[in-house]
Protein chains: 2
Amino acid sequence: MSDTKIRNMEEFAALIGISRPTVSKYFQDPDSVRQSTRDRIETALGQYDYRPNIFAVNQNRKLTNIVGIVVPYLADPFFAEIARQLEQRCIRAGFRPALYSAHGQPDLEVDVLDGLRLLKPAGVLLAPLGRISQRDAIKQFCREVPTVLFDSNMDGIGAAFVGSDNFSFVSQTVDYLTRTGEPPCFFEMQTPANPNANKRRVAYLTMMDQLGLEPKVYSVPGAGWAFEEIGREGALSIIDAGGFSTNTVLCSNDRLGIGLLSACYERGLKVGRGEGCDLRVASHDDHPFSRFTCPSLTTAAHDYASVANHAFATLTELIDAGGRFDERQETLFTPKLILRSSA
Amino acid sequence: MSDTKIRNMEEFAALIGISRPTVSKYFQDPDSVRQSTRDRIETALGQYDYRPNIFAVNQNRKLTNIVGIVVPYLADPFFAEIARQLEQRCIRAGFRPALYSAHGQPDLEVDVLDGLRLLKPAGVLLAPLGRISQRDAIKQFCREVPTVLFDSNMDGIGAAFVGSDNFSFVSQTVDYLTRTGEPPCFFEMQTPANPNANKRRVAYLTMMDQLGLEPKVYSVPGAGWAFEEIGREGALSIIDAGGFSTNTVLCSNDRLGIGLLSACYERGLKVGRGEGCDLRVASHDDHPFSRFTCPSLTTAAHDYASVANHAFATLTELIDAGGRFDERQETLFTPKLILRSSA
DNA sequence: GAAGAAACTTACCGCGCGTCAAGAAAAATA
DNA sequence: TATTTTTCTTGACGCGCGGTAAGTTTCTTC
């Protein structure tokens, strides 16, 4: 590696005796130049430390090779995990991923999108906050930037949506629980941040109705993203007020479930499906930590890999199609029931 | 909000009857123009949807207002949390945070830094992978870009380091555990990814030596970032081989501890400090979920807020100082013992 | 070897903004 | 009002690259 400082493409081209336009062509598509010149450029790249100036490159492009990834709350391991998978797919496909979190705040979500728009990204993978999102701002953004929504759907917004089938989540867990013991009551947040929670409650009510069973929903107070704490506090109240109506609790999501397990432990309730257990607890999402809870959490798992794969594949399709689909696509993946020890 | 599309600063300036250089000055420092012109510009900004082109702006700057934040593994809630706090401080201070994860891979860490260098960031907050980092590449990066390391120190690299005092972590937990029961054995990974783990082991050995007690270290096999799984598997082996040498286990970090708790539960060992408990378990970090484990985990907590505050403050100092300190600064914050039910 | 195709070179403009110098206008001070 | 100071305008250049047109060289193909 030579120490010669190269200031721009002109200098780099001169150094290896090739014209700048040819070098420029190479950087946009290495296959677009003759093999021999490609070799010369690439050996030079090994010798000298030159890479095109990102800002200059992107200034003249209608679109950059940046792909935005926006999640509602990155400190939630579910989103961290899905973001991780999306990022790696972007990198492998030659895009530059730019990862953002709305930190649970609708105004920050808009700020993030505003900032992202300036980057002229080739496309954006967006998991919106949901219910509290500033709908119009997001809609406007999606009109201007090729966007695929994931995890949380918003009617008519974005060129496509990729997520998991909330009804299937609940139908599988309810089915399993009713087959193997008392029918479940449903444990959720009063004011859930995203629409999946509502769909899950509706699915629960529908399933119970279909089975001819009496539904019972516990909506515990609390807002924000501290789900475990909300679940824990809510469960403590319920337990202290006499407990749940059945010995089987189905949580809207794993993080609430983790809080519930914590409350049960604190109150000396034994959770599980074996002899001498007081409560069965099941949940949804397959949160990265749900297999390490005590007891390990029976849950229905997102197909993380498929969601990430398909979301990214849909985005590249969308980009190739010029940023527009004739029809909005919606893809739901079927979750998978994971039996562990809690139910 | 008018629908007139504004293509550049020239048009925007013309529209409000101000010269482009003046508008440019405004965007670099709103206070640098007369109040009356500032008002005219800002009312226009409310009416029309114009913002300077990021790429064009940054092309002519030696440094941008981008602050890079790099963590070794974003799906680890500890890093997600600290990254979240750093990001918000950047935003509040008017920087554009750019968040990256090395996904646990040293080569990706180098790629991330290479990509970051092209962005000409004002500064970078870097938590390196540690032991497996490509030291020379990181050193070179730090020479070129004002960088503050956090969480994981690397001798002589970066202008400053901000982290937690590993010795204090361990001295507090060991002290507490020995005062209140049997002295602890130490539970760790064989090949820890980052240097904090080694410091904690050394601190344990030192403390035990000072107290005149016999140390006992369990180094369980495993590499990578699936700490819970590694802790769980390792603990299962130990338990099945006859158990720990004392009834008190001190884990190198909370994620290993979570795995250990999971193993204990599975084998029917009751963890806690009360009557009828088989094992006391304590740990370090105050992982976001450690208060929801069963039982809740006694641990020593990072002072997240102080680390984030001071790391960011140090970076702004560094930037103001032109990217160089006379002397490398190291700041360690004292962790805080958090007593919960596991020990 | 000639003809045609492919790949290259040279020369130039444009992108949107930072920045500077000179001069004009406005505001503050005397 | 006259003078100084501050702020603004005009005009121009440069940043590093994308892109194009016309001409030249190199590689195919028969």
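Chain letters run A, B, ... following the sequence lines, proteins first, then strands; residues in each count from 1. The model shown is predicted, which means the values in this text are computed figures rather than measured ones.
With hydrogens and angles ignored, the 3.5 Å screen pairs no side-chain donor or acceptor of B/Ser133 with any backbone N or O of B/Arg135.
B/Arg20 contributes no side-chain N or O that forms a donor-acceptor pair with the base of D/dG11 under 3.5 Å.
Regarding A/Phe27, its CZ atom lies at a distance of 17 Å from the C1' atom of D/dG19, rounded to whole Å. Residue B/Leu118 contributes atom CG, which lies 11 Å from atom P of D/dC17 at whole-angstrom precision. Between B/Arg34 atom CZ and D/dT5 atom C1' there is a gap of 12 Å when expressed in whole angstrom units. In this entry the distance linking NZ of A/Lys120 with P of D/dG18 reads 13 Å, nearest Å. Distance NZ (B/Lys62) to P (C/dT19): 11 Å, rounded to an integer number of Å. A straight line from CG of B/Asn60 to P of D/dC13 spans 16 Å, rounded to a whole angstrom. The nearest whole Å value for the distance from the CZ atom in B/Arg38 to the P atom in D/dC8 is 12 Å. Here the P atom of nucleotide C/dG16 and the CZ atom of B/Arg7 are 7 Å apart, to the nearest Å.
Within the structure, every side-chain polar atom (N or O) of A/Gln35 is placed at least 4.0 Å from both OP1 and OP2 of D/dC27. Side-chain N/O atoms of B/Thr37 include one lying less than 4.0 angstrom from OP1 or OP2 on D/dC8. For the pair B/Gln59 and C/dG18, the criterion of a side-chain N or O lying under 4.0 Å from OP1 or OP2 is not met. Considering only side-chain N and O atoms, A/Tyr26 lies nowhere under 4.0 angstrom from the phosphate OP1 or OP2 of C/dC8. At least one side-chain nitrogen or oxygen of A/Thr22 sits closer than 4.0 Å to the OP1 or OP2 atom of C/dT9. Taking 4.0 angstrom as the limit, A/Tyr50 places none of its side-chain polar atoms (N or O) nearer than this to OP1 or OP2 of D/dG16.
Between B/Tyr50 and B/Phe12, the two ring planes are parallel [angle under 30°; tilted spans 30° to 60°].
Under the 3.5 Å distance criterion, with hydrogens and angles disregarded, a donor-acceptor pair is assigned to the side chains of B/Arg143 and B/Gln140. In summary, the side chains of B/Ser24 and B/Gln28 do present a donor paired with an acceptor at a separation below 3.5 Å, with no hydrogens or angles considered.
The residue among B/Ala56 and B/Ile18 whose nearest nucleotide of DNA chain D is located toward the 5' end is B/Ile18.
Nearest nucleotide to the A/Asn53 side chain, out of D/dC17, C/dG18, C/dG16: D/dC17. The side chain of B/Ser19 sits closest to D/dT9 out of C/dA7, D/dT9, C/dC17.
The minimum heavy-atom distance linking B/Ala311 with B/Val162 is given by the pair CA-CG2, 3.8 Å.
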